[in-house]
Amino acid sequence: MSKRAAAALVAGAMVAVLTACGSGGGGGSAGKGSGHKLVVGFSQVGAESGWRTANTKSIQESAKKAGIELKFSDAQQKQENQIKAIRSFIQQKVDVIAFSPVVESGWDTVLKEAKDAHIPVILTDRAVDSKDESLYVSFLGSDFVEEGKKAGDWLVKEYQGKPGDVNVVQLEGTTGSAPANDRKSGFADAVKGEPKFKVVASQTGDFTRAKGKEVMQAFLKSQPKIDVLYAHNDDMALGAIQAIEEAGKKPGADIRIVSVDGVKDAFTAMSQGKINYDVECNPLLGDQLMDLVKKVKAGESVPRRIKTEEGAFTPEQATAALPNRQY
């Protein structure tokens, strides 16, 4: 064998070794080498509110900034669409699956499929109701019970020492969803020691502005006296404000309003005196999620529950924060 041929063989062997070392491990389609992007499949609830739109934008922009390929699916508020999306992600062998569940129950089968495929799952914004906690690695999101409690605590304090019953109507979120269930229970726990608070009507508005207006119109027709509206999100509250004004009443005065989310449109309404108190639910989870994705894929230990830090706003505080509000 010539020296030139021998050198060529050695060089070829070195290339083969380097290629093998760079191939890495893992069951996903990415992460197999420095030239491959980490791939995340994300299933979003839908685009039912300003909050959700901001949440989607945050996740998409953060993935791009982190150099992560995002396969995005909009479920249009239907669980069957999310299940189809998750199964599609499994077939595509993504590295990590993340999703915000439309409702709490009915996920065990598809999440078991992801687990069997060795694809870790992260819950964002909303939780699932499953006894098998091995089906997901972490849940990143708000404490919805605490949000409901903050709304109820404000109401108790606002009416402290004032005589007479307080008639409350409640606009609930999507039936069966974690925020609807938890914001309702947190609020109920906060006011249960005060018999003067009477929830005289409670109905879902599906977290949308149009449905919030429609249900509030029905409340105004069926209830002779409404003192307070508690809305599970700002979009429903903003729809309800339209109904209240069309009925010839003054929102924030004739009917006091407490809501949840803290979106810019609600802050504008607060600056106009139309919403009296707003509990924040931060949608900007993108950076936290992408950081979590990287740690999970790297095999690092991550907390089972990661809570977002949030506050609550009076009209004065909302007015001051409005110019710099991002969502």
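We number each residue from 1, following the sequence as shown.
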Visitor: So which pairs with a foot in residues 112-121 pass salt bridge (charged side-chain N to carboxylate O under 4.0 Å, His left out), sequence neighbours left out?
Guide: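 Every salt bridge (charged side-chain N to carboxylate O under 4.0 Å, His left out) pair that includes a residue of residues 112-121, provided the two are not neighbours, is R87-E113, K112-D116.
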Visitor: Who passes side-chain contact (heavy atoms from CB on, under 4.5 Å) against V156, sequence neighbours left out?
Guide: V191, E194, F197
Visitor: Under the salt bridge (charged side-chain N to carboxylate O under 4.0 Å, His left out) rule, what pairs show up with a residue in residues 311-327, not counting sequence neighbours?
Guide: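 Qualifying pairs: E280-R325.
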Visitor: Would you please name every residue forming a side-chain hydrogen bond (donor to acceptor under 3.5 Å, both in side chains) with N167, sequence neighbours left out?
Guide: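 Testing N167 for side-chain hydrogen bond (donor to acceptor under 3.5 Å, both in side chains), a comparison that skips the adjacent residues, returns none.
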Visitor: Quick one: side-chain contact (heavy atoms from CB on, under 4.5 Å) partners of E300, sequence neighbours excluded?
Guide: K295, A298
Visitor: Test of understanding: with side-chain contact (heavy atoms from CB on, under 4.5 Å), list the residues that count as partners of K192, not counting sequence neighbours.
Guide: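 side-chain contact (heavy atoms from CB on, under 4.5 Å) list for K192, sorted by chain: D189.
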Visitor: Who passes side-chain hydrogen bond (donor to acceptor under 3.5 Å, both in side chains) against E214, sequence neighbours left out?
Guide: K211
Visitor: Taking side-chain hydrogen bond (donor to acceptor under 3.5 Å, both in side chains) as the definition, give me every residue that meets it alongside E246, ordered by chain and number, with sequence neighbours left out.
Guide: K213
Visitor: side-chain hydrogen bond (donor to acceptor under 3.5 Å, both in side chains) with D206: which residues, sequence neighbours excluded?
Guide: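 side-chain hydrogen bond (donor to acceptor under 3.5 Å, both in side chains) check on D206 returns T204.
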Visitor: Who else is in I244's hydrophobic cluster (ILVMFWY, side-chain heavy atoms under 4.5 Å, direct or via others)?
Guide: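 Taking Ile, Leu, Val, Met, Phe, Trp and Tyr as members, I244 shares its hydrophobic cluster with V169, L171, V200, F207, V215, M216, F219, L220, I226, L229, M236, L238, I241, I255, I257, F267, M270, I275, F313, L322.
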Visitor: Can you list everything that forms a ring pair (Phe, Tyr, Trp, His ring centres under 6.0 Å) with F99? Sequence neighbours excluded, please.
Guide: W107
Visitor: Just jot down the side-chain contact (heavy atoms from CB on, under 4.5 Å) partners of D108, sequence neighbours excluded, or say none.
Guide: S130, L135
